[in-house]
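Read through the structure below, which is laid out as structure tokens, and then see the notes.
Naming convention: chains lettered A, B, ... in sequence-line order (proteins, then strands); numbering from 1 in each chain.
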Amino acid sequence: MDQAQALKELSRIMQDVLDDPSVALSPGTTAADVEGWDSMTNITFVVEVERQFGVKFKTAEIEEMHNVGDMLKMIAAKKS
Amino acid sequence: MAPELCWLPEPPSDWAEQLLALPDGASAESWARLVSLANHRLDGLATIRLDRRMKRLFGDAPPPGLAAAPIRLAVLASSTVEHVLPAIRVAALRRGLWLATYTNPYGQYAAELLDPGSGLYRFRPTAILFALDAHHLLAGLDSGGAAEAAEQFLDRQMAELAGHWRRARAAFGCTVLQQTALPVFPRLFGNNEHRLPGSAAAGVAALNARLRAGADAGEVDLVALECQAALDGLGAWYDPVLWHKAKQAVHPAAAPVYGDLVARLLAAQNGVISKCLVLDLDNTLWGGVIGDDGTDGILLGQGSALGEAFAAFQTYARDLSRRGVILAVCSKNDEAIALAPFEHHPEMVLKRSDIACFVANWSDKAGNLRVIAERLNIGLESLVFADDNPFERNIVRRELPMVAVPELPADPAFYASCIASAGYFEGVRLTAEDALRTSQYQANAARATIRDSATDMDGYLRSLDMTLHWRRFDTAGQARIVQLINKTNQFNLTTRRSTAEDVAAVIADPAALSLQIRLTDRFGDNGIIAIVIGRFEAPGAATILIETWLMSCRVLGRQVEAATLDLVVAEARRLGATGLIGQYRPSAKNAMVQDHYARLGFAPHADDGSYTSWFLALDAHQPKPHFIKIIEG
């Protein structure tokens, strides 16, 4: 899965999490950029990404996840 | 793997589209559609989406015309629980219940309970769930402390909890639920962790044990998280990463099952509970098709793994009936053919008398379920319909959405755990009614024994799991022995009465043969039910005279006599005898045993008019068949 495809998947997951089909994530997107992306949404999103991508983020990784791009890099590293 | 609502069918591929297509606005139709959408195997995210849609359609008010009273649940928590609240609401929806939730500001649960101006008091809960996590409950336990300190700590924690429970009930008159602690702490000592007084891992186990006693005393219902985690694996319920990151003591992926555990208890407290398990027959209670394979051809019981799996499921159904769940049969079959295994198959665990309503015909099952509900005078929503056939399941779900239809897995080895996991028959109080129903079924079972005796006595006796526990006379049993000897009239060969001193003399005599016999079976302990006393005819003689042989009539017809004779023979041999003489002395009440010795293979020995005597050479003894395990002790 390339970066663009993974980004599309992340957008789709966030659309489901927020029930908002207009959500479009980019590597630079942070929680503050998306309406409804609060701390609870964040955990729901992370857990759902883990489930759908079949990965598990480390405690340190979750701490260092500042935007969607960080998450994409971590997924890519785990999937390679 | 995430815990699953495994008893519910997978959502259809257009589940999300159906959800989003529901028209805005609160209507009874929308509510019914939501209930239907909730009755699928939803994961955490789908649960959140359904909850959000419900909120959008109904806001904070229950749907118009809903009969069941709304529930107002306050979750008083020591950690983050916002992520499980949607799952509790959706699990209530699954049962047609409207549930509003409240939770305390983080860390404030105790303060909220004490402050009449708090949000909790404004919410006016009808139920309070204490969702206290293991870290909170065990905080303060000194891992290096002594045993007394650990005990005192647990005493203190329990006292504090009991105080919360009392306060909650006094303030709101609400029901109280308490979740048990998950075993989240790594072991310090190992397999025998309980030997380390200050261990948090041992503390969780000890606290959970105390919670059980405390909850019963405090009329609190437990949400047994640690039992569910034992089924799913702790990792499915608790993720230390999420604990450190978000103080979530329950994994979001476990939320749907968590919510269902809570909602089924709330429903049971409100009387929303299934009452009757309706069973299909072919490939549900046995393997194969009775109409094609016949009683000899179906797979059931010993001889094949699959047959044993079906027997195990029957056992689960029977055990449910013993705790008060009504059993019914709904089968597409000719009635006489469907009944044949119940009457003739030796491995059937379920008997015809266990089935309160037996419907076998060629009509459609939805119609037959209506008939069953009518005959039993219960609502259709009280029925759980167990059928291996997906086609029948789906028709019933469509025709009768109020009937619960578990998605039985393909392998019958998992039928019972599927039905158990659904919590259909969640119990809250063991009522007098339950006990009565059980005793009625026991009476039925007794009648069934008599009726089936011609065909299936051996199968029945085998199924009783009887064990005969024997001891020689001893002072501990003396009082009971004297009592039995002096009150037993019917099954008493000689009606010879004895005093305590007589029995003491037998105890003291190493050459005397004495047996006190207790019988246990799967229904429980029948107590001391038989006594035998024998002595050598004369000092130095080779023959032992059986002076007393008596038995309680409660255990007639169970082959206890044959098992007892095995013991008498063994004891006589031990004492050095080569033969036994038994006597029958007729009385006004003991005619039932006049052929006792003849039946056991003794030969006529003498008949002087006042008694008959019978002889058995130990070498000639042929043990009679019985299904009783014999152990000393």
Item checked: Candidate pair His83(B) and Tyr258(B), rule ring pair (Phe, Tyr, Trp, His ring centres under 6.0 Å), full reasoning -> CA-CA 11 Å; His83(B) 63 297; Tyr258(B) 179 94; 8.1 Å; no
Item checked: Residue Leu20(B) versus chain A: region with a heavy atom under 4.5 Å -> side chain
Next item on the list: Under 4.5 Å, counting heavy-atom pairs only, tell me which of Val46(A), Ile62(A), Val17(A), Thr44(A) racks up the most with chain B.
Entry: Val17(A)
Item checked: Toward chain A, the part of Arg49(B) with a non-hydrogen atom under 4.5 Å -> both
Check: Would a line drawn from the ring center of Phe185(B) to the ring center of His135(B) be shorter than 6.0 Å?
Finding: yes
Notebook entry, point to check: Step by step, would you call Leu97(B) with Leu266(B) a side chain to side chain contact (heavy atoms under 4.5 Å, CB included)?
Noted result: CA-CA 10 Å; Leu97(B) 297 171; Leu266(B) 293 169; 5.8 Å; no
Item checked: Asp239(B) vs Lys245(B), salt bridge (charged side-chain N to carboxylate O under 4.0 Å, His left out): CA-CA, chis, key distance, verdict -> CA-CA 10 Å; Asp239(B) 183 342; Lys245(B) 169 71 183 168; over 6 Å; no
